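A quick write-up on the structure given underneath.
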Amino acid sequence: MAKIQMKTPLVEMDGDEMTRIIWQDIKDILLTPYIDLKTEYYDLGLVHRNETDDQVTVDSANATKKYGVAVKCATITPNAARMPEYNLKEMWKSPNGTIRAILDGTVFRTPILVKGITPYIPTWTKPITIARHAYGDVYKNVEMKCPAGSKAELVCTDKDGKETRETIYNFECDGIIQGQHNKSTSIASFARACFNFALDKKQDVWFATKDTISKKYDHTFKDIFQEIYDNEYKAKFEAAGIEYFYTLIDAVARVIRSNGGYIWACKNYDGDVMSDMVATAYGSLAMMTSVLVSPDGIYEYEAAHGTVQRHYYKHLKGEETSTNSVATLFAWTGALRKRGELDNLPELMNFADCLEKATIETIEDGVMTGDLYLLSTLENKKKVNTVDFLKAVDERLKKLLG
Ligand code: NAP
Ligand code: MG
């Protein structure tokens with residue numbers, strides 16, 4: 001069979017530990033036998049980030065801007081323990097943080113549903129996609145401890161030097177304060193990314209903040225979303241038969257009672273917390289896909305989980321691992337499908353569809369890694385190792401490709 005050809009390279013960001021092992025296995029077993037894989041390769045493994053003073057991360061993000069689509073392996077965000085382990089020059093920043101700052105995007109996380117794994121919320125029969133605003137709020141805060149007797153104020157000096165002040169609190173005892181910000185441009189990008197993604201997926205958008213309490217901060221999020229929706233998306237949404245729905249963050253009650261099948265837009269912190277909750281409720285972090293979408297239509301696909309360090313140390317000792325490769329696999333299929341869409345390569349898009357289908361069929365046939373084996377209610381389930389799972393997917397992929 002002739003290999004599927006590509007036009008534009010994918011930006012390939014390699015990573016660390018067990019996911020780096022899986023990355024190569026996926027390419028060897030499921031991609032290069034079928035595709036004449038064109039990638040521009042960036043090694044974001046911690047060793048190479050350290051060698052390049054993290055320049056490679058910046059270069060990979062700039063390449064993503066140039067080509068439009070990237071696929072990223074999980075990477076280590078160094079902490080104190082990693083300093084001696086990798087003999088680091090510096091405690092390099094989170095690559096995801098660096099990439100997000102350059103691409104200015106929104107992160108969409110969607111669970112992969114399979115028969116036999118029932119969500120902890122059984123009414124969730126369709127996936128809920130969490131759209132997390134990836135800029136500002138508590139992640140770019142400044143904070144102080146205030147001793148008893150201090151007066152804390154919020155001061156904004158405009159470009160002419162005029163000050164506006166608000167008292168935060170007059171402290172009769174020791175206390176704490178925190179200053180947060182966000183930018184209208186970033187909130188607008190967030191809104192557009194959510195509305196575009198919704199049109200792409202033909203799903204409703206739910207957005208929730210606490211605007212009744214936060215009458216300026218959260219209310220601005222609400223207003224910007226509404227204005228952009230009314231001016232730019234209302235007609236398109238109506239034509240697509242989908243809705244934009246704003247509600248208070250107390251929406252969690254509705255979310256729990258829903259059947260899923262929509263995009264839940266969350267402010268940065270809400271998205272951080274809710275995406276972990278939603279992933280866990282659907283079954284496993286290893287079944288969660290993640291894509292960063294920038295306002296100018298750039299896509300970066302990855303798995304939501306980390307480098308699965310514990311499994312890697314077993315692997316290094318020569319022990320067998322049963323690590324779930326599904327989210328990493330879906331990062332590749334997402335990126336290949338998007339490349340196919342942009343370059344008008346139906347064969348490549350079909351390949352991505354078939355590979356996803358083969359992966360789900362494998363699990364629904366009862367062949368799965370240890371994490372899913374613990375959760376699955378299938379009677380004929382069988383636990384396999386990391387590589388045997390990929391080989392089982394390949395058997396089914398061959399049949400689907402005919
Ligand atoms: P993790 O790699 O997500 O793994 C935590 C635990 O979750 C694992 O020990 C494993 O549980 C389970 N798990 C996660 N993914 C799995 C998979 N694919 N298959 C089977 N089980 C899986 O998180 P971590 O151990 O906290 O972090 C490890 C490193 O990843 C850190 O250096 C962190 O900085 C990095 N990280 C990177 C990203 C990213 O690049 N996007 C995201 C998060 C963390 P059991 O051990 O019980 O089997
Ligand atoms: Mg988190």
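All ligand and atom numbering here is 1-based and tracks the order in the structure. Keep in mind the model is a prediction, meaning the values are calculated, not measured. Residue numbers count from 1 along this sequence.
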- Leu401 vs Tyr34 side-chain heavy atoms within contact, under 4.5 Å: yes
- Message: Show, in sequence, the C-alpha distance, side-chain angles and deciding distance for Glu12 and Arg339, and conclude whether the salt bridge (charged side-chain N to carboxylate O under 4.0 Å, His left out) test is met.
- Response: CA-CA 13 Å; Glu12 175 183 354; Arg339 204 58 274 170; over 6 Å; no
- Message: For ligand 1, give me the residues whose heavy-atom distance to it is below 4.0 Å, by chain and number please.
- Response: Lys72, Ala74, Thr75, Ile76, Thr77, Arg82, Asn96, Ala286, Glu302, His305, Gly306, Thr307, Val308, Arg310, His311, Thr323, Asn324, Asp371
- Is there side-chain contact between Ile177 and Tyr169, with at least one heavy-atom pair below 4.5 Å? no
- Message: Would Lys72 and Glu300 count as a salt bridge (charged side-chain N to carboxylate O under 4.0 Å, His left out) here? Give the steps.
- Response: CA-CA 7 Å; Lys72 181 180 171 291; Glu300 185 233 334; 5.3 Å; no
- Output yes when a side-chain donor or acceptor of Tyr282 lies under 3.5 Å from a complementary backbone atom of Ile128, and no otherwise. yes
- Item | Side chain Asp218, main chain Thr209, donor-acceptor under 3.5 Å | no
